[in-house]
Every structure is written in structure tokens, then in C-alpha cells.
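Step one of this worksheet: look at the structure below.
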Amino acid sequence: MSNVTVCVRFRPLSQKERKANGDRVCFKRLDSESFVFKDEREDDVIFSFDKVFYEDAEQSDVYNFIAVPIVADAINGINGTVITYGQTGAGKTYSMEGPSILHCNKQKTGLLQRVVDELFQCLQSSESLDMWSVKLSMVEIYLEKVRDLLDLSKDNLQIKESKTQGIYISGATEISIMNNSDALERLSEGIANRAVGETQMNLASSRSHCLYIFSVQHGSTDERVTAGKIILVDLAGSEKVEKTGAEGRVLDEAKTINKSLSALGNVINALTTGKPNHVPYRDSKLTRILQDALGGNSRSALLCCCSPSASNAPESLSTLRFGTRTKLIKTAPKSIPA
Ligand code: ADP
């Protein structure tokens with residue numbers, strides 16, 4: 001039995017936060033796994049996680065701890081999932097994509113590029129490279145519809161389940177990626193298709209959950225078998241609707257996002273409170289797609305992204321509580337095929 005790995009990342013204070021609130025932060029470091037959380041309106045709380053990445057952490061630190069074991073497992077047939085969670089502007093997309101997917105110095109590249117690099121490195125060192133291939137799908141869940149980011153004409157994909165594939169997104173475009181630069185080109189095309197809206201929290205905040213799905217396959221051209229899948233999930237912002245100043249369509253988006261994140265919270269609650277037969281996976285598209293990741297069959301990691309500023313303490317506290325609950329889930333990884 002293994003837990004979901006839960007980590008926290010505090011990004012550096014932004015210029016805006018420094019200007020508005022000075023250097024006041026909401027935590028005091030204890031060590032690389034715990035910190036004291038400080039919120040003026042509540043008592044101090046000590047939080048502990050598998051790892052805490054403070055503002056000086058490098059992208060490689062996050063990758064090495066969270067994703068290296070997941071990539072190795074995918075090649076050996078265990079599915080893996082990495083989820084970034086947190087309020088808009090907390091650093092989810094930075095952790096996933098880096099400052100830019102295509103034009104970014106190597107030190108700052110995010111989890112996505114590093115996963116791609118490692119996948120190709122592992123496969124190239126394998127003796128039978130011609131037997132391996134990597135396929136990529138990219139979808140977003142926007143207003144409770146699953147849209148194909150690699151083919152925008154497919155804007156309402158259905159989620160299905162089969163004995164061989166487990167839960168999958170039926171009809172989602174799957175492209176073979178041949179090497180790192182090919183993969184990055186395709187990822188950047190998909191990212192450009194994401195639905196983004198403007199809120200007061202962040203001018204380019206994403207209003208959708210974005211899922212990057214890598215299938216590692218092996219076998220001859222006629223008979224391909226999926227070894228393992230890696231799903232990277234960049235969730236939409238977890239902030240409360242009132243704080244975003246949203247109206248109209250943006251308010252609808254925020255409500256849908258809050259609903260699906262609540263559904264995720266409910267699934268986690270059910271999994272941690274000993275009611276595994278009554279887990280409400282079907283309450284949202286997000287939880288249905290993540291069913292294998294959360295309920296077993298997968299090795300999963302959650303990166304809780306937080307602003308360090310005292311002014312965002314309530315939102316950070318809510319993110320940390322979500323992480324603490326997730327830590328209690330136990331999953332049983334699929335055994336490695338012979
Ligand atoms: P989110 O995806 O959670 O809405 P972003 O990843 O877009 O947030 O981050 C908001 C801003 O903070 C961006 O300008 C991003 O470049 C910056 N940022 C986030 N995390 C870091 C970090 N660890 N180091 C430096 N800048 C960061």
C-alpha cells in the first residue's frame with residue numbers, strides 16, 4: 001500500500017504582493033517537511049507533508065522528488081498522476097509548464113518538459129527502442145465538458161471504462177510523439193487552445209482543468225500494448241467565487257470550477273473516511289477521469305501551490321487543508337507485469 005505523495009510549494013512573493021502588503025509571509029520554516037502556518041485571525045498551526053518546497057526551490061527539486069519515480073513506474077506498467085492544486089496565481093502552471101513551454105531556459109523548465117525528457121531518455125537507453133512509443137493526448141474540462149485541445153472540433157468527449165484500459169476519454173486525439181522537440185511543439189499547440197479568462201486575481205488565470213496524458217506503449221505496430229499512462233493535471237484556481245470579482249460567464253465558470261473541486265474534495269473525504277464503496281467519482285468529469293489515480297491502480301502526487309503572502313493566508317490555509325486530507329488516502333499500485 002502506498003499513499004498519495006502530497007507536497008507543498010510556496011512561490012516567491014510577487015512584486016504586487018510586496019507593494020500591497022510588504023514582506024509579511026504566512027509561514028515560518030521548520031524543516032523540509034514542515035512549517036508553522038501563520039494566519040492573523042487564527043492560532044498558529046504546524047503542517048507536515050512529504051516535502052515542502054520553499055521559495056528558493058528549483059524546478060528540478062520539484063521534478064526529482066515528485067515525478068522521477070512516476071516516470072520510472074510508467075515504463076514498468078504502473079499508471080502515474082501528478083496534480084497541481086491551489087488558488088489562481090499560486091504557481092500551478094509555473095510548476096507544470098515553467099514560465100513558457102517553448103522558450104524557457106533549461107533551469108526553469110517545468111514538470112511537463114522534464115517528464116518528456118526523462119521518458120525519451122529512458123526509452124532510448126532501452127535495448128528495444130523500436131518496440132516503444134509515446135502517445136500524447138491533451139484535454140481540458142471547461143464548464144463540465146471535456147474538450148480535445150489537439151482537435152477543437154471535439155468539444156464534448158465522453159469518459160468511458162473498459163477492462164483493458166480502465167477509465168479513458170473516448171475519441172480523444174492521440175498523437176505519437178517522436179522526440180522531445182516534437183513533443184514540446186504539440187504541447188504548445190494544445191496549451192494555446194486552453195480557455196483562459198481574465199479575473200481580478202490573475203490576468204491570464206486558467207478557467208479550466210487541463211490534463212496532459214502520456215501513454216507509454218510497447219509491442220509491434222500491429223499489436224501495441226499500453227504499458228503505463230502518466231496524467232499531469234493542472235487544475236483551475238481553487239479560490240472562492242466572491243474573491244474573483246466574477247460576473248456573467250466568468251461567474252458560471254468559477255461556479256463550475258468550485259463544484260468540480262468540491263466533488264474532488266468529497267471523493268477524497270469518502271476515500272479517507274473508510275467508505276470505499278460509496279465514493280462519488282461520477283459527480284464530476286474531473287473525479288471520474290481521476291478515479292484510477294485516486295482510488296488505486298496508480299501512483300499519484302499532489303502539489304499544493306501556495307502564495308507565501310500573509311494577504312492570501314485564508315486561501316493558502318484552504319489549500320493546505322485539502323493537502324492534509326489527501327495525505328490520508330491509501331492507494332494500492334497495480335503490480336508490475338512479468
Ligand atoms: P497559477 O497557474 O496557479 O494560476 P502561475 O503558475 O501562473 O499561477 O503563477 C503566477 C505568477 O507567479 C506567474 O507570473 C509565475 O511566473 C510566477 N511564479 C509562480 N511560481 C513561481 C516560482 N516558483 N518562481 C518564480 N515565479 C513563479
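Everything quoted here is computed from the prediction, not taken from an experiment. Just follow the structure's listing: the first ligand is 1, and inside any ligand the first atom is 1.
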query: Under the salt bridge (Lys or Arg N to Asp or Glu O under 4.0 Å) criterion, do Lys259 and Asp283 qualify, and how do the steps go?
result: CA-CA 9 Å; Lys259 212 168 145 193; Asp283 280 2; over 6 Å; no
message: According to ring-ring contact (aromatic ring centres under 6.0 Å, His included), does anything in residues 54-96 pair up with another residue at least two apart or in another chain? List the pairs.
response: Phe27-Tyr54, Tyr85-Phe322
Determine, using heavy atoms of [X] and all atoms of ligand 1, whether some pair is separated by less than 4.0 Å.
{"X": "Gly237", "result": "no"}
{"X": "Glu55", "result": "no"}
{"X": "Ala90", "result": "yes"}
{"X": "Arg9", "result": "yes"}

query: Which atoms of ligand 1 sit under 4.0 Å from any heavy atom of Gln87?
result: 3 (O)
- request: Heavy-atom contacts with Thr88 under 4.0 Å: which atoms of ligand 1 show up? List them by number with element.
  value: 4 (O)
query: Purely on distance, is any nitrogen or oxygen of Thr93 under 3.5 Å from one on ligand 1?
result: yes
message: Evaluate Tyr94 for polar contact with ligand 1, using N/O atom pairs at a separation under 3.5 Å.
response: yes
Salt bridge flag under 4.0 Å for residues [X] and [Y]:
{"X": "Glu140", "Y": "Lys154", "answer": "no"}
{"X": "Glu42", "Y": "Arg321", "answer": "yes"}
{"X": "Asp155", "Y": "Arg147", "answer": "no"}

- prompt: How would you list all residue pairs meeting salt bridge (charged side-chain N to carboxylate O under 4.0 Å, His left out) that involve residues 99-114, not counting sequence neighbours?
  reply: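 As it turns out, the salt bridge (charged side-chain N to carboxylate O under 4.0 Å, His left out) pairs with a partner in residues 99-114, which skip direct neighbours, are Lys106-Asp117.
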field: Parallel, tilted or perpendicular: ring planes of Phe35 versus Phe49, cut at 30 and 60 degrees
entry: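 Ring orientation, 0 to 90° scale: parallel.
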message: Heavy atom to atom 5 (P) of ligand 1, shortest distance: which of Gly91, Pro12, Ser238 holds it?
response: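 Selected option, by shortest heavy-atom distance: Gly91.
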